[in-house]
S.K.: 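Please see the structure below; I have some questions.
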Amino acid sequence: HLLGICQSLRQEGSVVISGGDWDRWDLKVRGGSLGVAKLLAATEDHGGGRQLIRVAWWPSVTRGALALGGVVAGLGLVAVVGQAWNAAAILGAVALLLVLRVIYECAAATAIIGRLFDRPGDSSAEVLRELAPLSDH
């Protein structure tokens with residue numbers, strides 16, 4: 001089921017990364033270099049060839065975005081302490097643009113997953129599906 005979700009996301013042109021054994025997420029969808037969405041899935045067997053698949057997803061900021069934000073904030077602080085107001089204003093504008101870009105990329109990644117489950121305004125979904133009967137071979 002997770003493989004099917006991953007294939008569907010990749011068919012839409014998304015960059016999808018599988019989580020490892022110790023990650024708290026199963027798939028990560030990139031919205032860009034600064035923002036991603038993480039997906040967690042669970043399957044419940046309900047007998048009679050039926051399964052309930054529960055998925056949840058949430059936005060996440062990449063380490064690169066956090067590092068870049070830290071550098072810009074640090075330089076801005078140095079500019080304020082040194083009373084270099086023009087530099088502080090420019091760095092403040094760069095920080096604002098960075099935050100806006102992170103928000104955009106996180107929203108794009110969560111929207112991709114939301115479209116897959118036809119629930120763009122929600123961050124979770126439940127899908128009840130019938131399993132194909134298993135052959136005797």
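A quick note: this is a predicted structure, and the numbers were derived from the prediction, not measured. Note: hydrogens, waters and symmetry copies are ignored here, and every other heavy atom, side chains too, is used.
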S.K.: Rounded to the nearest 0.5 Å, what's the gap from CD on Q11 to SG on C6? Could you check?
M.R.: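 Taking CD in Q11 and SG in C6, the distance rounds to 10.5 Å.
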S.K.: With a 4.5 Å cut-off on side-chain heavy-atom distances among I, L, V, M, F, W and Y, is there a chain of contacts connecting L68 to I103?
M.R.: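 L68 and I103: separate clusters.
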S.K.: Any side-chain to backbone donor/acceptor pair from T110 onto C106? Under 3.5 Å, distance only.
M.R.: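 Looks like yes, one N/O pair under 3.5 Å.
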S.K.: Verify the cluster assignment for I53 and L116: are they in a single hydrophobic cluster under the rule of side-chain heavy atoms below 4.5 Å apart?
M.R.: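 I53 clusters together with L116.
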S.K.: L39 and I17: same hydrophobic cluster, using ILVMFWY side-chain contacts below 4.5 Å?
M.R.: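 As far as the 4.5 Å side-chain criterion goes, I17 and L39 are not connected within one cluster.
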S.K.: What pairs with L40 under side chain to side chain contact (heavy atoms under 4.5 Å, CB included), at least two apart in sequence or on another chain?
M.R.: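 Only D26, W58 meet the side chain to side chain contact (heavy atoms under 4.5 Å, CB included) criterion with L40.
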S.K.: Check for a donor-acceptor pair, side chain of R10 on one end and backbone N or O of V16 on the other, with a separation under 3.5 Å.
M.R.: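 Side chain of R10 to backbone of V16, a donor-acceptor pair under 3.5 Å: yes, one is there.
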S.K.: Please report the interatomic distance OG(S33) to CD(E105), rounded to the nearest 0.5 Å.
M.R.: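 That separation rounds to 5.0 Å.
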S.K.: Please report the interatomic distance CG(L34) to CG(L100), rounded to the nearest 0.5 Å.
M.R.: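 L34 CG to L100 CG: 11.5 Å, rounded to 0.5 Å.
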S.K.: Search all heavy atoms of A37 against all heavy atoms of I113 and return the closest pair with its distance.
M.R.: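 Nearest pair, atom of A37 first, then I113: CB-CD1, 3.8 Å.
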S.K.: Is there a chain of hydrophobic side chains (I, L, V, M, F, W, Y, each step under 4.5 Å between heavy atoms) that links F117 to I112?
M.R.: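 Yes, one cluster joins them.
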S.K.: Can you name the closest pair of heavy atoms from T62 and G35 and give their distance?
M.R.: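 It is CG2-N, 3.9 Å.
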S.K.: With side chains defined as the heavy atoms from C-beta onward, is the minimum distance between L52 and T43 less than 4.5 Å?
M.R.: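 The answer is no; the side chains never approach within 4.5 Å.
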S.K.: Quick one: closest heavy-atom pair of A79 and A88, and the distance?
M.R.: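 Of all heavy-atom pairs spanning A79 and A88, the closest is CB-N, 3.7 Å.
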S.K.: Taking the side chain as every heavy atom from C-beta outward, state whether E12 and R115 have any pair of such atoms under 4.5 Å apart.
M.R.: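 E12 vs R115: side chains touch.
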S.K.: Taking L91 as the starting point, is it possible to reach V80 by hopping between hydrophobic residues whose side chains are less than 4.5 Å apart?
M.R.: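 In one cluster with V80: L91, no.
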S.K.: Show your reasoning for whether side-chain contact (heavy atoms from CB on, under 4.5 Å) applies to V36 and V29.
M.R.: CA-CA 6 Å; V36 299; V29 178; over 6 Å; no
